[in-house]
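Data first, discussion second: the structure below is written as structure tokens.
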Amino acid sequence: MDSNRTALPFREFSHRISLVFMLTLAAALLLLGRAETYVFDQARQVVTDLAAPLLEVASRPVAAARRIIERTDEYAYVFDENERLRAENARLLAWKEMALNLEARVARYEALLNVQLDPSINYVSGRAVSDAGGPFVDTVLVNVGREQGAKSGLAVVDTDGLVGRIVSTGPKASRVLLLTDLNSRVPVVIEPAHYKAVLAGDNTEWPKLEYLTNVSAVSPGDRVVTSGDGGLIPSGLPVGLVIQTNDGNLRVQTFSDRGRLDFVRVLQYEFPWQVERQDPPDVLKGPPASSSGSAASGSAAVAPGGAE
Amino acid sequence: MVRLEPYSPTPASRAGRIFTIVAPFVMGLVCVLLSFVPFGRIVGSSLTPAFVLMAIYYWAIVRPEMFPPIAVFTVGLIFDLLSGGIIGLWAFVYVVTYAVVISQRLLLVNAPFTVFWFGFLVVAAFTGVLAWAVVSIFYGTLVPPSTLVRHMVLTVAVFPIFVMIFGRIQTRVLPGS
């Protein structure tokens, strides 16, 4: 009897057994993946660190091709662009005057109130070397790892505004959770009404605004910036503009464009937990004998909690 | 009577044989990496096609013995680890898709290209719905499917290009084609 003819049914049988086994294993993995996160996080980091250099090399020609296309576009519209920039420059000069006046006034107020200024934030620059790679996750890899000072929770910005925050780091690369991801939640403030909300990604292009107390006070075109609540992301980072979708819901068009993401900055922000007690300036204390109670309450307001 | 010496392959032919066995799996891994290269940024988009699905469909029909279930599972798992999403999602979805494709293989193996392409359209739709259902159950909410639909439409649109590439590799590299 031909050995190939006897081997064929056996091979088919073993193929089916293997298929059933793999199906079971994959289903088990899907269930286990939720419980045993540490093991998978480690495995994920190893795979990411191995793939990051390859992706960095592969993304360079892509970036070069994009630059060529952008440059060609710029040449095609150079005249119109020049006209637009002239008009914008004229507008900005007027704004500059106003900004200088306001800056001087704010400086006077700060000196008067003895305001504790935010410390400057250091940053590390890097490149987004990968794409999300799937329709259900919005994360990118950046070539800034633990060795360069990246760590989980740090905010990532580009020239336009907030991009997302780091959710895991390896020695050479980190994963950034973008604002549009289903798991992304960022506390924000909507200006000028100054209403607080949480920017929640839902796997669409425009993240939602959740926990917004007064929807009627917010209108399309309002500016959205980070609120700094929670102490993870510094306050005041530009996020996007409020837009209204066809179904009437308010969403946010982010300033940073996922399709054009390239160079990014990882902000090494640390919330200033250790705040030294500061006494208010003499001008706020008032007469010592008659209003000692109000001076005490002023001190408590300037140094909340009285952390030493 | 002259006795023939038993045939022993040279190291080069052994290496060649190993390469032909692992070639489809290696192509699967290359497809995983390609999925994360930001090609869409060239035109200012973040969409990328599902390269892995194309590889699984093609090799499951053309050479299933060279792309066994364990290779599909491994490719899916590496994709999961690299994507940062739900662990086991694409491993599960791709193995199920592979099982479905294998069960319909005889219909598609010698079919004209249009039928082969239409088969891929059906498989892409099935994969998309399955993945969407798993993710929705996992998160306990109906995930907006718009990104998934665009992803799958792009995948089906560029499939002929990859059939051409895989076909070249099959005829030039793999023996017995």
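Chain letters run A, B, ... following the sequence lines, proteins first and then strands; every chain starts at 1. Because the structure is predicted, anything quoted here is derived from the model rather than measured.
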Specify which of L33(B), L47(B), I78(B) makes the most heavy-atom pairs with chain A at under 4.5 Å.
-> L33(B)
What distance separates D202(A) CG from T141(B) OG1, expressed to the nearest 0.5 Å?
-> 8.5 Å
Any chance you could measure S103(B), atom OG, to R16(A), atom CZ, to the nearest 0.5 Å?
-> 9.5 Å
In Å and rounded to the nearest 0.5 Å, what is the CH2 to CG distance from W90(B) to L30(A)?
-> 12.0 Å
Would you find a donor on one side and an acceptor on the other, under 3.5 Å apart, between the side chain of T139(A) and the backbone of S83(B)?
-> yes
Are there more than 12 heavy atoms of other residues, nucleotides or ligands under 6.0 Å from atom CZ of F113(B)?
-> yes
Over all heavy atoms of both residues, which pair between L29(A) and G88(B) is shortest? Give the atoms and the distance, please.
-> CD2-CA, 4.0 Å
Would you say N246(A) has more than 12 foreign heavy atoms packed within less than 6.0 Å of its CG?
-> no
The interface call for F39(B) against chain A, heavy-atom contacts under 4.5 Å, is both
Proximal component of F51(B), with respect to chain A [non-hydrogen, under 4.5 Å] = neither
Residues of residues 118-133 of chain B with any heavy atom under 4.5 Å of a heavy atom in chain A | A131(B), W132(B)
Taking atom CG of L81(B) and atom CD of Q42(A), what is their separation to the nearest 0.5 Å?
-> 12.0 Å
Is there side-chain contact between L19(A) and V95(B), with heavy atoms separated by less than 4.5 Å?
-> yes
Do any of residues 52-65 of chain A have a heavy atom less than 4.5 Å from a heavy atom of chain B, and if so, which, in residue order?
-> L54(A), L55(A), A58(A), S59(A), V62(A), A65(A)
Of I70(B), I86(B), V72(B), V96(B), the largest count of non-hydrogen pairs under 4.5 angstrom with chain A goes to I70(B)
Please walk me through it: do F136(A) and V135(B) pass side chain to side chain contact (heavy atoms under 4.5 Å, CB included)?
-> CA-CA 8 Å; F136(A) 301 116; V135(B) 171; 3.7 Å; yes
Non-hydrogen atoms of chain A under 4.5 Å away: do they reach the side chain of Y94(B), the backbone, both or neither?
-> neither
Decide if atom CZ of R185(A) counts as having more than 12 heavy atoms of other residues, nucleotides or ligands within a radius under 6.0 Å.
-> yes
Top residue by heavy-atom pair count (under 4.5 Å) with chain A, among P68(B), G84(B), P64(B)?
-> G84(B)
Please state whether the side chain, the backbone, both or neither of L77(B) comes within less than 4.5 Å of a heavy atom of chain A.
-> side chain
L50(A) portion near chain B, given a 4.5 angstrom heavy-atom threshold | neither
Taking side-chain hydrogen bond (donor to acceptor under 3.5 Å, both in side chains) as the test, write out the residues that go with R165(A), two or more places apart.
-> none
Side-chain contact test, heavy atoms from C-beta onward, threshold under 4.5 Å: evaluate it for D80(B) versus R44(A) and give yes or no.
-> no
Which residue out of P144(B), A91(B), A50(B) racks up the most heavy-atom pairs below 4.5 Å with chain A?
-> P144(B)
D80(A) atom CG: more than 12 heavy-atom contacts under 6.0 Å = yes
Sort V134(B) into side chain, backbone, both or neither according to what part of it lies under 4.5 angstrom from a heavy atom of chain A.
-> side chain
Answer with side chain, backbone, both or neither: which region of V37(B) has an atom nearer than 4.5 Å to a non-hydrogen atom of chain A?
-> both
Part of residues 174-183 of chain A lying next to chain B, heavy-atom separation under 4.5 Å = R175(A), L182(A), N183(A)
Under 4.5 Å, counting heavy-atom pairs only, tell me which of L261(A), V129(A), I69(A), T204(A) racks up the most with chain B.
-> L261(A)
Any chance you could measure F73(B), atom CZ, to L25(A), atom CG, to the nearest 0.5 Å?
-> 4.0 Å
So CG of N203(A) and CG of L142(B): to nearest 0.5 Å the spacing works out to 12.5 Å
